Amino acid sequence: MRKIFSVFFFFFLTSVLCQNVELKKTTDTTQTFTGEISGIPITIHLNYTGIVDCDQYQHYVDGWYYYDKYKKKIPLTGIYDYYGNLSLYHFGTKQKQNSMLLKEQITSLQKVEKTDEIAQKLAPQESIIFETLSTNSNPISGHFYRGKKEQPVKLFTGNVMIYRLNNYLYLPNNKKINTYDFISKAGGNELVSYASGENGNRVLLYFEQTSNFNACGQCGASDGEKGYRVLYFTKDWNYKNYEEFLTESCRENIYDVTRTKSKDKQTITYKIGKSESSPAHTLTVDIKNATVMKSK
């Protein structure tokens, strides 16, 4: 009987321990993509090497590509821009020299929009151009140019951004999601609590993130966006949707806020004054139950 109880307790304890939720942050500065040129398998590896002007969404990249069959690395340099376009160039024996010249000439949004025009004046031996017309495209198609010859090229991904602020949520049942993929590319999430109910599971996050990746643009130099997100899951921890509640915002002009915390530190109340985008209201954050209630 004691042995049976011990086995039962072991499985009960294992089940409880496996119900943990964790949040881990990582910042990607490199990406490796697989793809093909005219049906021939290739691999492209790119490194983030800095922002253009003051916009994090536009950055310089360096790296290489090779045909998988031969694995001979061919150097690349280029630009990832705000619209999700990726322009890459190989300058042969002048790769290092012309890479520097290209970056020296592309220093603003206006210049980024003329990337290929500027690059062609430096006579690249090869150009690989991806224009992301739809954020839902996968694979992403583009054009490969060698001299006057043009060939189709594909990358087997839905996102060619190199610099990524990943916030991974590790969930029960060995599940994992990244808020970068479906909530916000700005990161800044902190795990507050999680709870279960009749309709499934909830995760409560607090976030502080930039208002604008363009530090020179509207709200770029502000204190950013702050608030809570409640993520909803099924009982089996399949993601359903989320709600967002702002407690401070440059974009929404939310600054008139009074914050109070209960004695047991389990409830936080925000009284938020009228703003340009919403009437005065109250947010009640229930940490124990991982909920946020909005009321007048």
Side-chain angles (χ1 to χ4, degrees), residues 26-52 56-106 111-166 168 176 178 180-181 185:
T26 63
T27 300
D28 289 348
T29 57
T30 67
Q31 298 292 335
T32 301
F33 305 105
T34 58
E36 61 184 30
I37 296 175
S38 289
I40 301 174
I42 62 167
T43 297
I44 296 180
H45 178 84
L46 299 173
N47 304 302
Y48 161 90
T49 58
I51 65 173
V52 178
Q56 187 65 66
Y57 270 139
Q58 297 176 156
H59 42 258
Y60 304 112
V61 297
D62 285 322
W64 48 262
Y65 86 96
Y66 61 52
Y67 290 92
D68 292 357
K69 181 178 180 179
Y70 303 106
K71 291 184 167 53
K72 180 181 178 182
K73 294 179 181 178
I74 300 168
L76 294 171
T77 192
I79 299 288
Y80 171 89
D81 75 18
Y82 177 85
Y83 304 103
N85 302 320
L86 180 63
S87 303
L88 303 169
Y89 303 95
H90 171 60
F91 295 104
T93 56
K94 293 185 177 181
Q95 183 68 22
K96 187 174 181 180
Q97 175 186 344
N98 285 359
S99 293
M100 291 179 63
L101 289 173
L102 181 65
K103 292 172 183 177
E104 287 173 359
Q105 293 181 58
I106 299 176
K111 293 291 181 66
V112 167
E113 292 174 348
K114 297 181 179 180
T115 293
D116 194 56
E117 180 182 332
I118 295 170
Q120 293 306 321
K121 292 179 180 178
L122 298 171
Q125 290 186 2
E126 297 176 352
S127 305
I128 307 176
I129 310 296
F130 296 98
E131 294 182 347
T132 309
L133 301 177
S134 169
T135 55
N136 297 319
S137 296
N138 190 347
I140 292 176
S141 300
H143 304 276
F144 174 83
Y145 301 93
R146 180 184 289 129
K148 295 183 179 180
K149 187 176 180 181
E150 177 184 345
Q151 296 173 274
V153 58
K154 290 181 180 179
L155 288 186
F156 301 132
T157 180
N159 185 357
V160 292
M161 183 182 283
I162 312 304
Y163 188 92
R164 304 184 188 183
L165 298 169
N166 303 301
Y168 291 103
K176 179 179 75 170
N178 186 0
Y180 173 94
D181 294 327
K185 291 179 169 50

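Values below: every heavy atom of this structure, side chains too, minus hydrogens, waters and symmetry copies. Since we're looking at a predicted model, the values are computed, not measured.
Residues Ile106 and Ile118 are in side-chain contact: their nearest non-hydrogen atoms beyond the backbone lie under 4.5 Å apart. Between Met161 and Lys185 the shortest side-chain heavy-atom distance falls below 4.5 Å. Looking at heavy atoms from C-beta onward, Ile162 lies in side-chain contact with Gln31 at the 4.5 angstrom threshold. Taking 4.5 Å as the limit, every side-chain heavy atom of Leu101 sits out of range of all side-chain heavy atoms of Lys94. Taking the side chain as every heavy atom from C-beta outward, Tyr65 and Phe144 approach each other to under 4.5 Å. Under the 4.5 Å side-chain criterion, counting only non-hydrogen atoms from C-beta, His90 is in contact with Gln95.
The two residues Pro124 and Ala119 come nearest to each other via the heavy atoms CD-O, 3.3 Å. The shortest heavy-atom contact between Ser87 and Thr115 is CB-CG2, 4.0 Å.
Exactly one residue among Asn166, Asn159, Asp28 makes a side chain to side chain donor-acceptor pair (under 3.5 Å) with Tyr180. That residue is Asn159. Screening Asn47, Ile51, Thr77, Ile79 against Tyr60 for a side chain to side chain contact (heavy atoms under 4.5 Å, CB included) leaves a single residue, Ile79.
Side chain of Asn98 to main chain of Leu122: a donor-acceptor pair is present (N/O by atom type, distance under 3.5 Å, no hydrogens or angles). The backbone N or O of Tyr163 sits nowhere less than 3.5 Å from a side-chain atom of Tyr80 that would complete a donor-acceptor pair.
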- Evaluation steps, side chain to side chain contact (heavy atoms under 4.5 Å, CB included), between Ile129 and Asp116: CA-CA 9 Å; Ile129 310 296; Asp116 194 56; 3.8 Å; yes
Does the pair Tyr168 and Asn178 meet the rule for a side chain to side chain contact (heavy atoms under 4.5 Å, CB included), with working shown? CA-CA 4 Å; Tyr168 291 103; Asn178 186 0; 3.7 Å; yes
* Please report the C-alpha distance between Val153 and Ile42 in whole Å, then the side-chain angles of each, then the deciding distance to 0.1 Å, and finally whether the side chain to side chain contact (heavy atoms under 4.5 Å, CB included) criterion is met. => CA-CA 9 Å; Val153 58; Ile42 62 167; 4.2 Å; yes
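Rounding to the nearest 0.5 angstrom, the gap separating the NE2 atom in His45 from the OG1 atom in Thr34 is 14.0 Å. In this structure, the separation between NE2 on His59 and CG on Leu46 is 9.0 Å, given to the nearest 0.5 Å. In this structure, CD on Glu113 lies 10.0 Å from CG on Asn85, to the nearest 0.5 angstrom. In this structure, CG in Asp81 is found 9.0 Å from CD in Glu131, a value given to the nearest 0.5 Å. Rounding to the nearest 0.5 angstrom, the gap separating the CD atom in Gln58 from the NZ atom in Lys111 is 13.0 Å. Gln125 CD to Phe91 CZ: the interatomic distance, rounded to the nearest 0.5 Å, is 10.0 Å.
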Show me, pair by pair, the donor-acceptor contacts under 3.5 angstrom made by side chains of residues 66-75, not counting sequence neighbours?
| residue | atom | partner | partner atom | Å |
| --- | --- | --- | --- | --- |
| Asp68 | OD1 | Thr43 | N | 3.2 |
| Asp68 | OD1 | Thr43 | OG1 | 2.8 |
| Lys71 | NZ | Asp68 | O | 3.0 |

